[in-house]
Novice: 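This is the structure I want to talk about, given as structure tokens.
Chain letters run A, B, ... following the sequence lines, proteins first, then strands; residues in each count from 1.
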There are 2 protein chains.
Amino acid sequence: MITRRSTITDVARLAGVSIKTVSRVFNQEPNVRQSTRDKVIAAAETLKYRPNQSARQLASNLTFVIGMLYDNPNSDYVTEVQYGALQVCRENGYDLLIHPCHADSPGLIDDVSGLQHRVDGFIVLQPVSDILPLNQLLLENNIPCVRVSQRPFIQFPWISVGDMAAAEQMTEYLLNLGHRRIGFIVGHPEHGSSHDRLAGYRRALERRDIAFDEDLVEQGMFDYESGYTCARNLLLSAERPTAIFASNDPMAMGVLSAAHEVGIEIPGQLSVAGFDDSPLARHAWPPLTTVRQPITEVARLATDVLMQKLQGRLKGDFDHRLEAELVRRASTGRPN
Amino acid sequence: MITRRSTITDVARLAGVSIKTVSRVFNQEPNVRQSTRDKVIAAAETLKYRPNQSARQLASNLTFVIGMLYDNPNSDYVTEVQYGALQVCRENGYDLLIHPCHADSPGLIDDVSGLQHRVDGFIVLQPVSDILPLNQLLLENNIPCVRVSQRPFIQFPWISVGDMAAAEQMTEYLLNLGHRRIGFIVGHPEHGSSHDRLAGYRRALERRDIAFDEDLVEQGMFDYESGYTCARNLLLSAERPTAIFASNDPMAMGVLSAAHEVGIEIPGQLSVAGFDDSPLARHAWPPLTTVRQPITEVARLATDVLMQKLQGRLKGDFDHRLEAELVRRASTGRPN
DNA sequence: AGCACCGATGACAGCGCTGTCATTCTTATA
DNA sequence: TATAAGAATGACAGCGCTGTCATCGGTGCT
């Protein structure tokens, strides 16, 4: 019943070749006659041969696994990133090891340090990608990685999304609708994007010569609850804004709830905009105007670049920026 | 600069023992004197020694990785499961390989078949856990796994959540509020839970001697869009229900949107209930009454049982059921 | 003291594969 | 037809660890 799993030796014997030739076939190496190749494949098929990864790894010092380092409270974002990365992984015969972690955890460095020999490289997502000691660890140990971040680090390949430009665009859109008092809810202070999005908001105001009003800016934490609280502050203030731009969708959901609760009509009395275009946004009531980040694409690209790097196909540095896109839905409109 | 990674031999040399003794220390094997153990640990520390997983795997025929097989459109569910599983994995020095898959994909079996040697065992989530050929593959190849499902398969350990009871309880709750015409939106037909939840709904009606009305039941697909469509059907029908119970939260969100759109007040004119208690539910307007599934706990338990199995600590069969819990929020109330 | 026993340690083979280098077979060219 | 160049293949060592079995040394008993 318990049949021993077949090995490269079995295949070699059945095909009448040496194990090295079998190895060649399975690693797509050149210089194998087509007829030999066919023999080997046929033999492998009848024996249901699967290369032993461990042996392969040990001999080649490769794991065919990549790790994904992230710390993101947003599950939509996480699954979408995983999805994109997995697509590319599978195309290349790699597997994905996920490693969510707390950016502020003291054990992080040790943790990753232990992981380094279980993977060939890492995809490091924001905000983990901005942790200096981690980047240094990766650098010192010469571990291939691709960073998704708003800022570069040494010569690591990195991919960014035009957060600032997108925030600027959204603010502009609200201004064009006729809004002048636009509330803004900042994201988690440790997250690089938070600053960029705020900067985009400010820049749009500047370009229109509208004074930046600190009272219209609230500090959130990227979660629903903080969005709710900030929105209450804004909505119950003496001179309430006619629009609120939250730095991500969960916070915008909080704004929606706060507004509903106070009896403010959307978008009639208040326009609400989010950021990220999570499924949440489409399913809110009313559906949220937001910014669509090409998350899957970012993940695919990052993984692809990592593959290139692992296979030595990456020449020179790499940095790439993808643009986010405005998604207009029913939560925004002209002010009364 | 590029220093060779230290191996067991280096540690053995520095500690003045044989490599086997080092191996013993790192595998927590008995029969090593404490003083020896200390020497080895000290040596390992100064050399920053990390066991090479590949070598370990090859020699022991173990990977210290477990795979997670799932197919779930709901990202909250997925991340929560991952989170729970990872907790237990880390406690045991295991890593987690995720493998989302389409339950109806023809390549599934092959896919998993290829994975089998990269992991020591699988956690198989619904609805993948109900795919017969897959279970057979796991059985035939004698691959340890734990199934999360509503139904058993052979003697595989399995964990279920009391879906039916929970749906019954929710229906009862709505009945107790005074509702008599309760719409029900069924989940994805391929997903085992869908049937159980419907069965729970029916049972609650029966126990109150309320006739089951087919016109009150709509077939959904577990996503927002289908919830929306089904809700429209129900709400625009001649005699519309006073409450709608959707088989999961995204569909309940769809109901909310449809109701808002038609101008139906919630919960004044319509009570809405969901299932799963995803973050979505808390953040909806009004916040959704729903059923809280102990997802993290399920994941933790499943992983723990798998660990037991892998370490030969699991004696006999294992099946366990966790109960879901009613979460009352503002989307339900007495009918007018 | 002599013996059996058990805890502590080591020697060594081998897990299944890849890398290196040697060897053999083809093919093109003079 | 002889010869060199290159393609195709194979032999074999080792990757770093664990499992097996042998060995050593201390302890308690007679």
Side-chain angles (χ1 to χ4, degrees), chain A residues 2-41 43-44 47-65 93 114 116-118 120 310-312, chain B residues 2-41 43-44 47-65 93 114 116-118 120 310-312:
Chain A
I2 296 173
T3 46
R4 195 180 52 82
R5 171 181 170 191
S6 51
T7 74
I8 199 172
T9 316
D10 302 326
V11 177
R13 196 174 318 139
L14 182 59
V17 298
S18 75
I19 59 168
K20 181 66 222 191
T21 299
V22 177
S23 168
R24 284 197 183 90
V25 171
F26 272 84
N27 290 290
Q28 326 248 44
E29 285 175 36
N31 300 342
V32 179
R33 201 174 297 147
Q34 188 57 44
S35 60
T36 313
R37 205 176 283 274
D38 294 341
K39 267 195 306 186
V40 170
I41 289 174
L47 291 176
K48 290 193 183 151
Y49 168 68
R50 303 273 178 182
N52 180 319
Q53 292 304 330
S54 307
R56 212 172 164 197
Q57 289 166 29
L58 180 58
S60 66
N61 205 24
L62 254 42
T63 67
F64 301 100
V65 172
Q116 69 177 282
H117 302 299
R118 307 187 82 152
D120 290 340
L310 293 178
Q311 293 161 13
Chain B
I2 295 171
T3 46
R4 195 180 51 83
R5 172 177 170 193
S6 50
T7 75
I8 200 172
T9 316
D10 303 325
V11 177
R13 195 172 321 137
L14 182 58
V17 297
S18 74
I19 58 166
K20 181 66 222 190
T21 300
V22 177
S23 168
R24 283 198 182 92
V25 171
F26 272 83
N27 290 290
Q28 327 249 40
E29 285 175 36
N31 299 343
V32 180
R33 202 174 297 147
Q34 187 57 44
S35 60
T36 313
R37 203 176 284 275
D38 295 341
K39 267 194 307 188
V40 169
I41 289 174
L47 291 175
K48 294 200 180 139
Y49 169 68
R50 303 273 179 182
N52 180 320
Q53 293 302 330
S54 309
R56 212 171 164 199
Q57 288 166 28
L58 180 57
S60 66
N61 206 24
L62 284 159
T63 68
F64 301 101
V65 173
Q116 71 177 281
H117 301 300
R118 307 186 82 150
D120 291 339
L310 292 179
Q311 293 161 13

Novice: For a quick check, with a 4.0 angstrom heavy-atom cut-off, what is the B/S/- contact string for nucleotides 14-19 of chain C, read 5' to 3'?
Specialist: BBBBBB
Novice: How far apart are the closest heavy atoms of A/Ser18 and A/Ala12, and which atoms are they?
Specialist: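 So the minimum-distance heavy-atom pair works out to C-CB, 3.7 Å.
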Novice: Measuring from atom CZ of A/Arg118 to atom CZ of B/Arg50, what distance do you get when rounded to the nearest 0.5 angstrom?
Specialist: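 Reported to 0.5 Å precision, the distance equals 11.0 Å.
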Novice: Counting only side-chain N and O atoms of A/Thr21, is one of them less than 4.0 Å from OP1 or OP2 of D/dG10?
Specialist: yes
Novice: Identify the stems formed by DNA chain D, where each pair is Watson-Crick or G-U wobble with both distances under 3.5 angstrom and a stem is at least 3 consecutive pairs.
Specialist: C:1-30 with D:1-30
Novice: The criterion is side-chain hydrogen bond (donor to acceptor under 3.5 Å, both in side chains); which residues satisfy it with B/Gln53, sequence neighbours excluded?
Specialist: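 Expected list: none.
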Novice: Could you tell me which non-hydrogen atom of B/Ala44 sits nearest to which non-hydrogen atom of B/Phe26, and how far apart they are?
Specialist: CB-CZ, 3.7 Å
Novice: It should be established whether A/Asn31 places a side-chain nitrogen or oxygen under 4.0 Å from OP1 or OP2 of nucleotide D/dA7.
Specialist: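 Answer no for this pair, as no side-chain N or O of A/Asn31 is under 4.0 Å from OP1 or OP2.
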Novice: Rounded to whole angstroms, how far apart are CZ on B/Arg13 and P on C/dG10?
Specialist: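 Between P of C/dG10 and CZ of B/Arg13: 14 Å.
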Novice: Got a sec: does the CG of B/Asp38 have more than 12 other heavy atoms crowding it under 6.0 Å?
Specialist: yes
Novice: In whole Å, what is the span from the CZ atom of A/Arg33 to the C1' atom of C/dT27?
Specialist: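 Going from CZ in A/Arg33 over to C1' in C/dT27 covers 11 Å.
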Novice: Identify the residue among A/Ile41, A/Leu14, A/Val40, A/Val11 that makes a side chain to side chain contact (heavy atoms under 4.5 Å, CB included) with A/Tyr49.
Specialist: A/Val11
Novice: To the closest 0.5 Å, what do you measure between CZ (B/Arg5) and CG (A/Asn61)?
Specialist: 7.5 Å
Novice: Taking atom CG of B/Asn52 and atom OG1 of A/Thr63, what is their separation to the nearest 0.5 Å?
Specialist: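 Reported value, rounded in 0.5 Å steps: 10.5 Å.
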